[in-house]
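Reviewing the structure listed below.
Small disclaimer: the values here were computed from a predicted structure and weren't measured. As a basis for the values below, the full set of heavy atoms in this structure was taken, side chains included, without hydrogen atoms, waters or symmetry mates. Numbers restart at 1 for each chain; the letters A, B, ... are given by sequence-line order, proteins then strands.
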Amino acid sequence: MRTGSIPLADLPGGFDLQSTVESGQTFRWEREGPDPETDRAHGSDAWYATVFDGEVVRARRSADALEWESTTDAEPVLRARLRLDEDLAAVREGASDDPIVRAAYERYPGMRLVDDPFFDCLVSFVCSAQMRVERIREMQATLRARYGEPIEADGRTYHAFPTPAALAAAGETELRECGLGYRAPYVARTAEMVASGEWTAADVRADDLETTRERLCEFVGVGEKVADCVALFSLGHLEAVPLDTWIRRAVREHFPACARDDYASTSRAIREAFGPLAGYTQTYVFHYLRHAE
DNA sequence: ATCCAGGATGTAT
DNA sequence: ATACATCATGGA
């Protein structure tokens, strides 16, 4: 395994790995070791492991650096997938100056948006319907363990995220046995669509969010909310504001002037309230509401 | 037991 | 277009 270290001082606005990969944006990072929420006995942060393009990547944040260990040079993929080169200070500066927004940014300094692989993100959020974040994470771990390519590294076995063909071949019945419930046929049919090759990330992505959302809604199990999540966390639409139960509550309680009767106009209103990188603010507020307050 | 979780779909109006 | 019931599963 190769190792490397990226000084936090080189990352504009700093970086926090735990909040970035445990804030419900991505479900592909497995924490190695105890839950830092319940066990604060250790000095530095936990290691997290994932697989990108068949290469194992382990990472942790020490006091002054992002350390990594990988079967290849992981720095480029880490910089890209965790948006490490984005100026977080500028993002925070551009956010709206509302009390709850300010509190959320202050609570999780260094949290960044991810840029996840398209299919993984798509499947994860198809599974997310009426599911708690912790269970979505468990479901994705099950899918990787059962259908992902095993990769040996450092005496351990890691699993890549399953390919579209692998999930399509699994079929509805087996996917139900993974605990997906009524989402099993959604995942099976969406996997078939992607496996057919007619819906690539490049095909689905448009310059404007509205068009991208329309195309994403062609997938089975993808409505406006899930479409916004995929647009935000894997297609680079940083202006997207997914309206889930938590954000709807925030609109109701903190931004009543943005409340509209339908999804699209409410999302547009809160997007304008949050600023140009509204998706960043949405993710901070989501994570903040789900833990603090 | 009843309610809820990062909602979406099918059907009736 | 909009309203409504229904869809698994596990934890509180």
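- Nucleic acid contact class of R176(A) (heavy atoms, under 4.0 Å, all strands): sugar-phosphate only.
- Nucleic acid contact class of S124(A) (heavy atoms, under 4.0 Å, all strands): none.
- Taking 4.0 Å as the cut-off between side-chain N and carboxylate O, E172(A) and R189(A) do not count as a salt-bridged pair.
- Counting 5' to 3', DNA chain C first comes under 4.0 angstrom of a heavy atom of chain A and last does so at the ends given by dC7(C) to dG11(C).
- Between F255(A) and F274(A), the ring centre distance stays below 6.0 Å.
- Residues satisfying the side-chain contact (heavy atoms from CB on, under 4.5 Å) criterion with A264(A), sequence neighbours excluded, are R213(A), E224(A), D262(A), R268(A).
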- Query: Which string of ( ) [ ] | and . matches DNA chain B, if you list each base 5' to 3' and count Watson-Crick or G-U pairs only when both distances are under 3.5 Å?
  - Reply: .||||.|||||||

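- Within the 3.5 Å criterion, the main-chain N or O of M111(A) finds a donor-acceptor partner in the side chain of Y284(A).
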- Message: For nucleotides 7-13 of chain B, give me one character per nucleotide, 5' to 3': B if any protein heavy atom sits under 4.0 Å from the base, S if the only such contacts are to the sugar-phosphate, - if neither.
- Response: BSS----

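- For E67(A) and R60(A), the salt-bridge test passes: some basic side-chain N is under 4.0 Å from an acidic carboxylate O.
- Atom CD of E106(A) has more than 12 neighbouring heavy atoms from other residues, nucleotides or ligands inside a 6.0 Å radius.
- Applying the ring pair (Phe, Tyr, Trp, His ring centres under 6.0 Å) test to every pair with at least one member in residues 2-27 of chain A, sequence neighbours left out, gives these pairs: F27(A)-F125(A).
- Residue pairs that meet the side chain to side chain donor-acceptor pair (under 3.5 Å) test with at least one member in residues 70-84 of chain A, sequence neighbours left out, are E55(A)-T71(A), E75(A)-R79(A), R79(A)-D85(A).
- In summary, R31(A) and E22(A) engage in a salt bridge, as defined by a charged side-chain N under 4.0 Å from a carboxylate O.
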